[in-house]
Amino acid sequence: MRAPVCVTVLVWLLSDARQFTEEEMSAVRQRIKSMFYHAYNSYLDNAFPYDELRPLTCDGQDTWGSFSLTLIDALDTLLVLGNQTEFQRVASLLQDTVDFDIDVNASVFETNIRVVGGLLSAHLLSGRAGMQLEPGWPCSGPLLRMADDAARKLLPAFQTPTGMPYGTVNLLKGVSPTETPVTCTAGVGTFILEFATLSRLTGDPTFENAARQALRALWKTRSDIGLVGNHIDILSKKWVAQDAGIGAGVDSYFEYLVKGAILLQDEELLNMFLEYDRAIQNYTRFDDWYLWVQMHKGTVSMPVFQSLEAFWPGLQSLLGNLDSAVRTFQNYYSVWRQFGGLPEFYSIPQGYTVDKREGYPLRPELIESAMYLFRATGDHTYLQLGLDALESIEKITRTPCGYASVKDLRDHQLDNRMESFFLAETIKYLYLLFDPAHFLHGGAAEGDGSWEEGGEDRQCVLGAGGFIFNTEAHPLDPAALYCCSRHAQDRQELRDILLSLPKEKKKTRSKPAAKHTEDPPHGPSVSIALKPGEKKTPPLLSCPVQPFSARLSILGQVFTDNT
Ligand code: DMJ
């Protein structure tokens with residue numbers, strides 16, 4: 001176990017950042033809420049049921065599908081901001097209006113992270129949102145069924161000889177025979193969080209198996225020096241784009257290895273990441289920047305920083321690598337200060353934007369890292385970044401009907417687009433940065449009202465192991481996964497006991513059970529498992545809180561090794 005305590009103290013002592021009082025932080029939270037409602041109400045008034053708002057023309061457009069994407073993506077943010085009634089209204093509205101049986105070509109990656117991830121997280125938060133819960137929740141529920149529906153539409157993409165998925169699927173007809181077999185690395189390796197969550201909540205292993213098969217196939221394609229490229233032919237396993245780095249096309253693959261390892265307490269995923277990380281540090285890191293290199297030779301191919309890479313310091317903090325995370329964050333923050341936003345590409349040697357990549361589409365990554373680093377260090381520099389970000393977004397991107405992507409950070413020209421991740425991620429991370437006591441930070445304790453009961457016979461303790469955010473900032477509760485897979489396992493064990501009973505015995509015991517056809521399925525089974533005179537043992541379906549190590553990994557920014 002690596003404990004970053006010394007580093008934390010050092011960073012804290014060295015920082016001469018302005019200190020924010022609780023009143024100041026609360027005032028910033030109010031400003032963030034106003035920002036959210038300006039964007040959200042504009043979407044509802046002008047764009048719903050389209051996927052996205054067009055903030056310059058005040059209308060809507062379908063972009064990633066045709067499923068009111070912004071509303072699905074924003075649903076859990078409503079609860080994060082404390083709006084239970086609107087959460088309830090929208091959750092019902094989506095159940096009534098969204099249909100995934102549509103003849104639309106959708107990105108497998110985007111549909112997974114935004115739609116499946118958004119619905120799963122809303123499902124897991126629906127207890128806190130005061131929704132009426134089905135018996136057995138969180139192992140069942142209408143939003144979980146919607147997530148299952150959407151994810152099932154993606155499964156045909158995984159039916160390939162390698163198990164690596166196509167990038168696009170038609171939600172009604174499956175993969176087109178003319179579909180390109182070239183998928184980006186993140187498009188192959190960004191499923192384990194949502195798919196394992198689905199499998200463990202519902203008991204259907206199909207999803208987790210598909211995600212794992214894709215991950216294992218991808219792992220085998222790494223180069224001799226331990227790097228992966230940017231785009232791969234999923235049929236021939238040949239690398240089509242051979243630039244290795246941590247940004248666009250690859251980013252969330254690495255993120256899911258780390259977060260998958262934490263969510264599922266899975267060493268295989270952690271070991272994959274650690275091996276990649278050694279190569280990344282060796283070949284791509286220069287002065288705490290990360291460059292792009294040729295995946296086989298390690299020679300620099302592009303000395304640029306991409307805005308998508310700004311998630312990396314946050315990810316490093318989850319592994320306890322705080323020192324290097326802090327230095328890399330400082331590099332990235334200097335770029336934000338230079339332009340009032342992060343350009344999509346920034347040339348490190350020239351210290352300036354790159355042609356045709358000068359935009360800032362309201363991305364969250366730097367704010368996301370600030371949230372993790374503030375949580376790990378308590379350094380108010382990260383709050384200052386948050387305030388800077390809030391102010392530049394207000395000043396540069398606000399329009400009478402929403403917030404617009406910046407086409408060019410040099411002259412602040414705007415684009416007619418507000419991506420759904422602005423409400424799902426950018427605003428959520430900004431709010432959580434200024435709310436260190438929020439239940440999503442996992443600081444809850446028994447008795448403070450943040451833990452919830454759930455599962456069969458309400459024997460599970462939910463929310464006690466912290467939360468893992470998917471790459472679209474949708475929080476997932478490890479305790480819920482644990483709880484529902486325990487239920488499934490216990491049911492299987494009971495089934496096995498029943499099947500192994502001698503025939504004679506089975507007959508006599510099944511007689512009284514037949515009279516009780518109304519009994520819940522587990523009642524009679526439990527009594528059959530008891531021998532005459534045996535004392536009743538504690539309930540089989542128990543659901544203790546997450547193991548202490550899992551909780552630590554989330555709260556203390558440390559990780560366990562196999563010792
Ligand atoms: C989001 O959809 C996700 O964070 C994804 O991993 C990367 N791109 C956007 C935000 O920039």
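Remember, it's 1-based here, ligands and their atoms both numbered in the order they're listed.
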Quiz item: Is there any disulfide (SG to SG under 2.5 Å) pair reaching into residues 240-277, and which pairs are they, with sequence neighbours excluded?
Solution: none
Quiz item: With a 4.0 Å cut-off, would you call Asp266 and Arg212 a salt bridge?
Solution: yes
Practice problem: Could you tell me whether a side-chain N or O of Ser68 sits under 3.5 Å from a main-chain N or O of Pro49, the two making a donor and an acceptor? | Solution: yes
Mind listing the N or O contacts between ligand 1 and protein, cut-off under 3.5 Å?
residue  : atom   : partner : partner atom : Å
ligand 1 : 2 (O)  : Glu472  : OE1          : 2.6
ligand 1 : 4 (O)  : Glu425  : OE1          : 3.4
ligand 1 : 4 (O)  : Glu425  : OE2          : 2.7
ligand 1 : 4 (O)  : Thr471  : O            : 2.7
ligand 1 : 6 (O)  : Thr471  : OG1          : 2.7
ligand 1 : 11 (O) : Arg363  : NH1          : 2.7
ligand 1 : 11 (O) : Glu365  : OE1          : 3.4
ligand 1 : 11 (O) : Glu365  : OE2          : 2.7

Quiz item: Taking all non-hydrogen atoms of both residues, which atom of Leu269 and which atom of Gly260 are closest, and how far apart?
Solution: CD1-C, 3.6 Å
Practice problem: Considering only NZ, NE, NH1 and NH2 on the basic side and carboxylate oxygens on the acidic side, decide whether Arg410 and Asp408 come within less than 4.0 Å. | Solution: yes
Quiz item: After noting the C-alpha distance and the side-chain angles of Phe305 and Tyr290, does the key distance pass the ring pair (Phe, Tyr, Trp, His ring centres under 6.0 Å) rule?
Solution: CA-CA 7 Å; Phe305 154 60; Tyr290 291 84; 9.9 Å; no
